[in-house]
Amino acid sequence: MGKDKLNVPNSSIRCSVQQCEYHCGDVEYCSLDSIHVGTHEAYPTEKQCVDCDSFRLK
Ligand code: SF4
């Protein structure tokens, strides 16, 4: 925490993960300029196979 930009929503990145440090809280957006999306699977086939690698626990 402690970043000035933390609560400025990036309207290009919708997100509902309230537990993330970068989530905007009242609105369903991420506050980062960009995020990295990755996978924890060798061969991802479903949406639950992919992750927001920029997630950081509050
Ligand atoms: S970093 Fe990822 S999980 Fe966190 S608020 Fe942004 S999009 Fe959501």
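In each ligand, atom 1 is the first atom listed, and ligand 1 is the first ligand listed. Scope of the values below: all heavy atoms of this structure, side chains included, with no hydrogens, waters or symmetry mates.
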Applying side-chain hydrogen bond (donor to acceptor under 3.5 Å, both in side chains) to Gln19 and not counting sequence neighbours gives none
Fill in: Close side-chain approach of Ser31 and Val8, heavy atoms under 4.5 Å
no
Donor-acceptor pairs under 3.5 angstrom involving side-chain atoms of residues 41-49: please list them, not counting sequence neighbours.
none

Checked atom 8 (Fe) of ligand 1: protein N, O or S atoms closer than 2.8 Å come out as Cys15 SG
- prompt: Between Ser54 (side chain) and His36 (backbone), is there a donor-acceptor pair under 3.5 Å?
  reply: yes
Members sharing Phe55's hydrophobic cluster, built from side-chain contacts under 4.5 Å between Ile, Leu, Val, Met, Phe, Trp and Tyr, are Val17, Leu57
Can you tell me if Asn10 uses its side chain to pair, donor with acceptor, with the backbone of Ser12 under 3.5 Å?
-> yes
